[in-house]
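This chain uses plain numbering: 1 for the first residue, then up along the sequence. Source: prediction; values computed, not measured. Just so you know, these numbers use all the heavy atoms, side chains as well, and skip hydrogens, waters and symmetry mates.
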Amino acid sequence: QEIKTKITQLSVDGLPSLPFKYFHTAERSGYSGTAIFSKVPYRILDEKYFQSDINPITQSAKFPDDLIEPQEGRVQVVDGCSTISNASTVNEFFLVNVYTPNAGAELKRLKFRHELWDPKFCEFLEALNRRKPLIVCGDFNVAHREIDLAHPNQNHHNPGFTHEEREGFSRYLAHGFVDVFRQFHPHQLNCYTWWSYRTAARQRNVGWRIDYFLASQAIASKIKNIQIYTHIMGSDHAPLGIEL
């Protein structure tokens, strides 16, 4: 998430256990971008695939990055077609990696987010889901409910907790996708994935839960657990993981 670099600028040889690396970089230098590292090779469905006239999956649903010009490298789709026989579990679903646009300072991007990105991304996920189940992961840049941030009353009109952004996330749930963390921990408090660098927010656990795993109902029941790795440092976000 938010790799902020071109592939040619990266040095990732220090990860021999994850030899297969897939990057989707932004056209703008030093901005946005996503990546997937894997133990086994997979097929990545990119913009060219979804722009094809013979694309059997989405038909009218555009690849989400096509909503933004210049493109920002925000979405990757793994179709699960691995050449490794022991990867049969992943063959059961699409994996979607998303870095959702932030509403931004003074909510300058809120209208785009609310009226275009959120509904179109949901439409895209629905189109994929008609083919086979999905697991969607990434930074959605929204705390869905008041339980998902430390100070909800102070943030109702701030980026990440506006009515419009929360409504956009509710749309995914209304269309049958499951918030995996809340599937396991429906009422648990003080569980966050992002903390501001200001005022020692992480040390005081004054955070937001804005990183998610969503799953189709057909695959959600096969997820054994989910964990927020709050002890892993190096970012203002904490890693999030599931086990199938």
For residues 235-244, which side-chain N or O atoms pair as donor and acceptor with protein atoms under 3.5 Å away, sequence neighbours left out?
| unit_1 | atom_1 | unit_2 | atom_2 | d |
| --- | --- | --- | --- | --- |
| Ser235 | OG | His237 | N | 2.9 |
| Asp236 | OD2 | Trp194 | NE1 | 3.0 |
| His237 | ND1 | Asp211 | OD1 | 3.3 |
| His237 | ND1 | Asp211 | OD2 | 2.9 |
| Glu243 | OE1 | Asn225 | ND2 | 3.0 |

- Task: Report the C-alpha distance between Glu165 and Arg113 in whole Å, list the side-chain angles of each, state the deciding distance to 0.1 Å, and finish with yes or no for salt bridge (charged side-chain N to carboxylate O under 4.0 Å, His left out).
- Result: CA-CA 7 Å; Glu165 292 163 298; Arg113 166 85 180 263; 3.5 Å; yes
- Note on the structure: For Leu110, the other hydrophobic cluster members (4.5 Å side-chain criterion, sorted by chain and number) are Leu107
- Side chains of Ser170 and His144: donor-acceptor distance under 3.5 Å anywhere? yes
- Item | Asn97 side chain to His24 side chain, donor-acceptor N/O pair below 3.5 angstrom | no
Does atom [atom1] of [X] have more than 12 heavy-atom neighbours from other groups under 6.0 Å away?
X      : atom1 : answer
Gln217 : CD    : no
Arg204 : CZ    : yes
Gln188 : CD    : yes

If only atom types and distance count, is the side chain of [X] paired as donor or acceptor with the main-chain N or O of [Y] below 3.5 Å?
X      : Y      : answer
Gln71  : Glu27  : no
Tyr212 : Val142 : yes
Asp179 : Leu173 : no
Thr100 : Asn141 : no
Thr193 : Arg209 : no
Glu72  : Ala26  : no
Asn155 : His151 : yes

- Query: Do the two ring centres, one from Phe50 and one from Phe124, sit under 6.0 Å apart?
  - Reply: yes
- Please work out which of the three classes, parallel, tilted or perpendicular, describes the rings of Tyr172 and Phe121, given edges at 30° and 60°. perpendicular
- Task: Look at the aromatic rings of His231 and Tyr229 and report parallel, tilted or perpendicular, splitting at 30° and 60°.
- Result: perpendicular
State the [atom1]-[atom2] distance between [X] and [Y], to the nearest 0.5 angstrom.
X      : Y     : atom1 : atom2 : result
Phe23  : Ile36 : CZ    : CD1   : 10.5 Å
Thr34  : Ile3  : OG1   : CD1   : 6.5 Å
Asn102 : Tyr99 : CG    : OH    : 6.5 Å

- Query: Does some side-chain heavy atom of Phe37 sit less than 4.5 Å from a side-chain heavy atom of Tyr22?
  - Reply: no
- Validation row: Trp208, Asp148 side chains within 4.5 angstrom (heavy atoms): no
- Tell me whether the guanidinium CZ or amine NZ of Lys132 lies under 6.0 angstrom from the six-membered ring centre of Phe93 and within 45° of its axis. no
- Query: With a distance cut-off below 6.0 Å to the six-membered ring centre and an angular limit of 45° from the axis, does Arg166 pair with Phe169 as a cation-pi contact?
  - Reply: no
